[in-house]
Amino acid sequence: MSELETPFRYDAAFADVIERKWQTWWQEHDSFLTRNPGDAGFDVSKPKFYVMDMFPYPSGAGLHVGHPVGYIGTDIVARAKRMRGFNVLHPMGWDAFGLPAEQYAVQTGVHPRHTTSSAIETFRKQLKRFGFSYDWSREFATIDPEYVRFTQWIWLQCWNAWFDESTGKARPISQLTQQFETGTRRVELSGNITKLWSECNASERRAAIDNMRLTYLGEQLVNWCPKLGTVLANEEVIDGKSERGGFPVVRQPLKQWMFRITKYANRLLDDLKLVDWPESTRTQQSEWIGRSQGAEIHFTVHDSAGATNHVGDATPDVIEQLSVFTTRPDTLFGATYMVIAPEHPLVKVAIERAKPDARKEITEYVAAARRRSDMERQSDSKVKTGVCTGLFATNPATGANIAIWTADYVLLNYGTGAIMAVPAHDQRDYEFATAFNLPIRVVVLPARDTARHGTVLGEQNSASTLTGGAIQTESVYGGEGIVCASSNAEVSFDGLTTAVAKEKIIEWLQRRGIGNKRVNFRLRDWLFSRQRYWGEPFPVVFAPDGLPYAISESALPVRLPELEDFKPTESDTPRPLLGKAVDWINTTAGQAGVSSADLPANTPVRREANTMPNWAGSCWYYLRFCDPKNTTRFVSVAAEKYWMGEHGVDLYVGGSEHAVLHLLYARFWHKVLFDLGHVTTPEPFAKLFHQGMITSFAYQRPDSSLAPADSVEEISDGVFKEKSTGQSVKQVIAKMSKSLKNVVNPDDVIANFGADTFRLYEMSMGPLEASKPWNTRDIAGSFRFLQRAWRLAVDERTGELLLATRPNEAIEKLLHRATKKVGEDIDRLAFNTAIATLIEVVNAATRSTTLTSAADGGLTRDQLIRFVKLLAPFAPHFAEEIWHKLGCADALATASWPTVNAALLVDDEVELAVQLCGKVKMRLLVPSSADAAAVERMALADPAVIEMLSGKKPKKVIVVPGRLVNIVA
RNA sequence: GCCGGUGUGGCGGAAUUGGCAGACGCGAUGGACUCAAAAUCCAUUGCCCCUCGCGGGGCGUGAAGGUUCGAUUCCUUUCACCGGCACCA
């Protein structure tokens, strides 16, 4: 009945109609088509703004309410920037290679291409329903052959480049060859031998070059599951068994492509200061890179525990050298034993030399350590395990004979895979030493305890009393201080501060030729091979001699072969799935596209059967968006220069889970491209922002297990009971998950309220960066706001505009304030407060309107135009509908943002709080022009203030103009 | 264990640079309109106390201290929750 009376009411069905109408209209009018420099209609005079989302991996499950959070945020920014006169690049695409599609193919036989393209269809359709202002003409997926072609091209750029340490930059391999040929650089062979290029044979020359390329073949341990026939990620391995199926997993070496990202460690670290990123993300990256300064020290290893207590005394049989990296060379005199990683080559030597019992013990320990995943080895930090190798080393400072142990708390891939253990000054070494009764020697005293002397402590950690004073060793002193007990016949470092001692000891080590200064990074080279089907093939083949040859650029892209069956085969040795494509693997150099200058065309070759990881496609997609249709270059020079500008992408929004890997890998590729002159900015992303997670309510039972949302009912406000048992449960916040039945589908929400309401709701939930619980009950607030705004502007009975004939002064002021506030809030991505401001405008204007005299209240035509512009970035369909009702023919998208009249931002009078000793007692109206002295006079003259003071003399009066007066009496 | 983050009404949150704590929304309560309901509009809504009422007072931003005329904001200690993760030598 009411629907008959108000056919133009803003309800879900009406929202659906206008939203689809304007989405079609925008598409037909190319409203969001972005022109590149050189295109017809490109406006050179406008500044650029490149705002981008982290593109999604389209999963079969479709969009989740968490996906749009960031997309709505960037869309608001994109729309506001357009209205402020920027050329805006706002693209969307698909990260489309990935494991889920391949696993689905294993189960069903459906080709990943089909799974992926139907998931893309779903995602695109769902995203389009939100009315995002993407330039859909730039859409692409990382699986598109033209995109793969340039992903492979970038890999070839790395193949054809080397890192020149002298300039700290990548350069083309041709320049390296030139240096060799002219003799400016000698060829380094193993064992510190160098040769001239002319003295080298062909294979030495080839090795010299291959050893310098940014991408190289390296042997790496992988978690191979013979039964599943696949390599597993660390997280997929539990207790040495596969997560799926519980089959045994072995760590096996495998030759794979690597990137020399470590060459860029310094630049990746230093350039973090060039970008406007969240501090926490920059910290995470810099900790991941993990630069630490210290020394490398070489110890001599022998297999006798023979007494060699003095420097230069008896020289036992020296077997090997053992190098360690330490950040605390100043504690060398305190090194009372050494530990090597179970995978360290020296362990093999120890096993060979050990007696049968010991040999068994060591072998078993190493085997056990190898079975444990990295995660496991690193998580239980309390219990230290290890075995003595039977080998000994000489501490070069004390001359002492110290035992070499192996323990899994030392990792092979950090530093040299070996440490000198200083139990008095390192927590882990201390725990290990006390567990195995190893000696502890104090060599650093906190600065204020310099009167004490250090010496070798007893075996136990219990307060060891020493001559000259007690040094408590229940607590390890890991800080800096004053060196003690650090003298030998040659030198003394006693009394020096930690910083000075470090320098002096390194000098001494260098003089003796047994150590040097070294910077170490935690960052490791990037393993870039996967034994999967659904990834980019490498543009490389192997000749009969086993050496790799690059496929020439003109032969790109290398396409994946068709496969019928995606099931991996059981195997004891790791092998890539693509090995099944026998006909594809075996080809000739000519067919594969290797230049005949490198290999004769009829040479039989084998294709690389590994594929690239998921990261490859996401490493450079922001560049492709600048010029996605280019068939001759990965991006045109002009488009890259214009859209990337001086600092790169102006705003990049995505989840903080990508804080390290994706964002570090993309920076690395970008820097390589920068060094080779293909891009113009040193960094890809100027400003980064992480949107928060959308969580959901979950219900916790008294035993803290969680009950599915659909099994719980709300008895009264905030009181929940489980339906089946009647047990009361507590409402808590949890991640959305299928098992908890608390996943919200955005399609349902849009069907019930419309896309504009959805956008407003997600943006008003709280700060964009915060994680927030979805609460369906609250959506009504955003919906009612739009309904109220609609009624303010439009007669629900007739559909005609309701316009005031004269402006209300208070509303005019409010509108100017709102214009300023909304603009500023969009700039700082504070959309929740911007929306609150818009609500205030509507509420104020609504209140001044009575139902019968519309013409006197509400907004004037001019005010409504401005209001609709402010609302447009948030609720674009709604705004566009009213905009066109107002008689405007062009798209609201490019209308100009309203200007603020500064004069209307100030009031004649302001209300100040009057405080007595910091407590608000009353309020006082003063002219806003009054200065501090005048305000003080007025306040003290106010009768209420005089009464409040009751004769007391004010000691001090603080006036904060426009805010408050504080009288201290 | 370490690092990072967050704690503000019944709920989501606001307070941008040390200056009136609780904007805005949800929920709740009362009223108007209606035969009635929905919708809408109006009012109230941090907690506690005094008061028939008008009013008035106290407490209050996880907890305890500190700095300051003044602290949600700065400092110290501490608790809880969330996220990440390394035994990094």
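Residue numbers start from 1 in every chain, and the chains themselves are labelled A, B, ... in the order their sequence lines are given, proteins ahead of strands.
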Could you check A:Thr283 against A:Ile839 and say which one's nearest nucleotide on RNA chain B is further toward the 5' end? A:Thr283
For B:U29, what is the paired nucleotide under Watson-Crick or G-U wobble rules, both distances under 3.5 Å? B:A43
Winner on side-chain proximity to A:Arg428, out of B:A15, B:A89, B:U40, is B:A89
Listed partners of A:Lys921 passing salt bridge (charged side-chain N to carboxylate O under 4.0 Å, His left out), at least two apart: none
What nucleic acid atoms does A:Glu911 come within less than 4.0 Å of, heavy atoms only: base, sugar-phosphate, or nothing? base
Tell me the partner of B:G65, counting only Watson-Crick (N1-N3 plus N6-O4 or O6-N4) or G-U wobble (N1-O2 and O6-N3) with both under 3.5 Å; none if nothing fits. B:C75
Side-chain N,O (A:Asn843) to OP1/OP2 (B:A23) below 4.0 Å: no
Ring centroid separation A:Tyr365 to A:Trp405 under 6.0 Å: no
Pairing nucleotide - B:C81, Watson-Crick or G-U, each distance under 3.5 Å: B:G5
With sequence neighbours excluded, give me every salt bridge (charged side-chain N to carboxylate O under 4.0 Å, His left out) pair touching residues 321-340 of chain A. A:Arg328-A:Asp330
Is there a side-chain polar atom (N or O) of A:Arg291 under 4.0 Å from OP1 or OP2 of B:C88? no
Are any of A:Arg784's side-chain N or O atoms less than 4.0 Å away from OP1 or OP2 of B:G27? yes
B:C69 base to A:Asn966 side chain: any donor-acceptor pair below 3.5 Å? yes
Less than 4.0 angstrom between a side-chain N/O of A:Asn832 and OP1 or OP2 of B:A14, yes or no? yes
Return no unless some side-chain N or O of A:Ser292 is found under 4.0 Å from OP1 or OP2 of B:A89. yes
Closer than 4.0 Å, any side-chain N/O of A:Arg777 to the OP1 or OP2 of B:G25? no
